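Data first, discussion second: the structure below is written as structure tokens.
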Amino acid sequence: MASIKLPDGSVKEMADGSSVMQLAESIGRGLAKAAIAANVDGKLVDLFYPLAGPHEVRIVTERDPDGLQVMRHSAAHVLAQALRHLYGRDVQYTIGPVIENGFFYDFELPPGFSADELPKVEAEMQKLIDANLAFSRQDVPPEEARRILRGENQRFKDEIIDELEKAGEKTVSVYREGDFTDLCRGPHVPATGKIKAFKLMSVAGAYWRGDSNREQLTRVYGTAFFDKKELEKYLNLLEEAKKRDHRVLGKQLSLFTISPLVGSGLILWMPKGAMLRYQLETFIRQELTRRGYQQVYTPHVGNIELYKRSGHYPYYKESQYPPIHMAERTGPVAGAATGPADLSRQAALDTEEYLLKPMNCPHHIQIFAAEPKSYRDLPVRLAEFGTVYRYEDSGELNGLTRVRGFTQDDAHLFCTPQQVEEEFRSTIELVQFVFRSLQFQDVEVRLSLRDPASAKFAGDPKLWDLAEAQLAKVLTEIKLPHTVAKGEAAFYGPKVDFIVRDVLGRKWQLGTVQLDYVLPERFELEYVGPDGKKHRPVMIHRAPFGSMERFTGILIEHFAGAFPLWLAPVQAAVLSISEKSNSYAAEVVQTLQQAGLRVEANLSADKIGAKIREATLQKVPYMLIVGEKEAQGRLVAVRTRAGVDQGQMPLEQFIGRCQKEIADHGLGEAKIPVSA
RNA sequence: GCUGGCAUAGCUCAGCGGUAGAGCGCCACCUUGGUAAGGUGGAGGUCCUGGGUUCAAUCCCCAGUGCCAGCUCCA
């Protein structure tokens, strides 16, 4: 007998070999109808899975997130089947997993396949869904699976089967629906009719096995839901997300631009974007002063020897702008060497090469090393908004979030080994403070460690172990939930990264705190300890924003362009009712500017409705409507960008409220109360 | 870097083998209007760049550049 324990704690006895479906039916017709798959002892299985002996079983239905995943995976199979029908047996299907908002499947397709074909593919899929083809499963030895899939003319599957075999699998599973056969772990929906609403989203390239040296496949993305309304909701969400895209808002709100003539990935900050950035920088600067940092400035280039010494050059040669060769300036004409001194000078110039700096740490290290240090001086915290240049592959560039020139809100802390944990803790707290101040909720904290198997990581493994242990200890002490990523460390040390998503769901690393025992070693940094002897300091690299460009990009999306008052490039728009009120409007502007507020006036011949509309679209926090009534009483009529008419108030009162709102960085959905 | 798509007015986009359009924006005039679009007129284009096919190319072909999506990479 199969003894089935259900989620409500009850136990059901069934004949051995009874299927999950039979179990569901025995519980209720409704459940059987809604059943998609089942969770048996923690494992997802098909409805035809046979039960024997004691089990804990939970029927997975359409309402269960697992059910959605199973159905989407089945949709991927239907996609493959449809492509096979349309393009023949040469179509190679490789892998087709479920992803966060849908699924994809990678194919080798006839050349010329493009997104234009998707409607045709969708139509074929719909036919297969309408046919309500049942899924079936067969467990076979690897050799048999190989034979079956070769019979289907599939060559990529061999490689997958080989791996499964190597991993010790004695049997592998093959699923069929209608005339389509695929190697698959399962489970699947009972029949294709369970796929109620689906859409193919896009076509893109992808490498077989994610290896850029191997076959380039065609990846078809799709999504599916149990309900047409759910699908529509999702598609609407995507539309809304596009409107928040910082590249779109950056243009609409005149925040930044990129000119191909200047260069790809090089950001031109327009006045409004620059003001936003200036406010962020001011905010950080104040924080740094409070926390005992010292500001420094360093140049945008550095001798290549500096980076050879630091180790950056060999590691990151690929993604640097090519070195500037001085030799090109000292050819035969320019050289005109006449004496031995000139010759040696020219020889030196000939070999000199400069890099646009890919990072600031080597420069800061030179500042630290410029004067002898005592343990009494430590920790030394050197901060700079340092602009760095990295030659990213063209395909990587993306608005403000992936660029070739960017400014880090960088700092390097030099401390004694005893100070490491405290300094590390306080920098983590600084990053958290920054994120909190900007109302970021959804931040992934990632502890990035080295991969001992990789040659990428420099320095003494013992120091790595120490550094990694220190980071983990601090994270545990401050109870900061985090993920761990092996192999993601910087070449010189482990780090804690703060990662957020953009509106399209892509993850970006913003803040970072990195522990480094390697660079102090390479540059032979030292300080004199209480014992009068030389000791080696430890470095912490940290950037709460990460880069001003990327952070600003994410911030634009975060606020959908409606920045809190303290950040808004224009804080108030003064709108005159008619040109008769223009002189008072100008006076209001001047008064507000004198009070330190950022104001724009609209004195045009437009009607007030049009002026309000324009300022609202520009997401200006406050609109001050001024007509003859206001002019007489030195008043302003306040309207928020959210569309709330807050009525008239004395000009001075408005200023006072703004100053208060700015000072406490309150989120500016125009929260000035009408009374008080 | 790879695969695919796209590139037309300041912006968003339509269009066609016979040298080009809309809406918004801009400018001017009229209007002086009280909380999300007043009216009229006007200016504005190397149809991304370079080759090729053609009597003729913005359109078709090739190459390049840039952008978009994904992959790969990522300090």
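This one's a predicted model, so the numbers in the text were calculated from it and none came from an experiment. Letters A, B, ... are given to chains in the order of the sequence lines, protein chains preceding strands, and every chain is numbered from 1.
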Under a 3.5 Å limit on both distances, the Watson-Crick or wobble mate of B:G44 is none
(Q) Is it the case that the side chains of A:Arg219 and A:Tyr221 hold a donor-acceptor pair, with the cut-off being a distance below 3.5 Å and no angle test? (A) yes
When both distances are under 3.5 Å in a Watson-Crick or G-U wobble arrangement, the nucleotide paired with B:C29 is B:G39
Presence of donor-acceptor pair under 3.5 Å, side chain of A:Tyr207 and base of B:G70
no
Whole-Å distance, A:Leu217 CG to B:G4 P, equals 13 Å
Checking N1-N3 plus N6-O4 or O6-N4 for Watson-Crick, or N1-O2 and O6-N3 for wobble, each under 3.5 Å, the partner of B:C59 is none
A:Glu579 CD to B:G38 P, in whole Å, measures 14 Å
> Within the modelled atom types, does a donor on one side and an acceptor on the other bring the side chain of A:Arg247 and the base of B:C68 under 3.5 Å apart?
Replying inline: no
The Watson-Crick or G-U wobble partner of B:G34, with both key distances under 3.5 Å, is none
B:G4 base to A:Glu117 side chain: any donor-acceptor pair below 3.5 Å?
-> no
In whole angstroms, the gap separating P of B:U3 from CG of A:Asp106 amounts to 16 Å
Separation of B:C74 atom P from A:Phe406 atom CZ, nearest Å, is 14 Å
Original post:
Just to confirm, is there a sub-4.0 Å distance from OP1 or OP2 of B:G66 to any side-chain nitrogen or oxygen of A:Ser264?
Top reply: yes
- Query: Side-chain donor-acceptor pair under 3.5 Å between A:Trp208 and A:Glu108, yes or no?
  - Reply: no
Close aromatic pair by centroid cut-off 6.0 Å: A:Phe457 and A:Phe491
no
* Is the closest side-chain donor-acceptor distance between A:Glu305 and A:Tyr354 under 3.5 Å? -> no
inquiry  = Are A:Phe545 and A:Phe551 an aromatic pair, judged by ring center distance below 6.0 Å?
reply    = yes
Across every strand shown, the nucleotide meeting Watson-Crick or G-U wobble geometry with B:U65 (both distances under 3.5 Å) is B:A7
From CZ of A:Arg613 across to P of B:G33 the rounded distance in Å is 23 Å
Any strand, both distances under 3.5 Å, Watson-Crick or G-U wobble: B:G17 pairs with none
Rounded to whole Å, the CG-C1' distance (A:Asn213 to B:C73) equals 12 Å
Output for pair (A:Arg309 CZ, A:Asn303 CG), nearest 0.5 Å, gives 12.5 Å
Here the distance between atom C1' of B:G10 and atom CD of A:Gln252, to the nearest Å, is 14 Å
Check every strand shown and say whether A:Ala637 touches a base, only sugar-phosphate, or nothing at a heavy-atom separation below 4.0 Å. base
The Watson-Crick or G-U wobble partner of B:A22, with both key distances under 3.5 Å, is B:U12
inquiry  = If the cut-off is 4.0 Å, is A:Lys607 near the phosphate of B:U35, judged by side-chain N/O to OP1 or OP2?
reply    = no
Contact class for A:Glu108 (heavy atom, under 4.0 Å): base, sugar-phosphate, or nothing?
nothing
In whole angstroms, the gap separating C1' of B:C74 from NZ of A:Lys507 amounts to 15 Å
Using a cut-off of 4.0 Å on non-hydrogen atoms, how would the nucleic acid contact of A:Gly210 be classed: base, sugar-phosphate, or nothing? sugar-phosphate
Any strand, both distances under 3.5 Å, Watson-Crick or G-U wobble: B:G70 pairs with B:C2
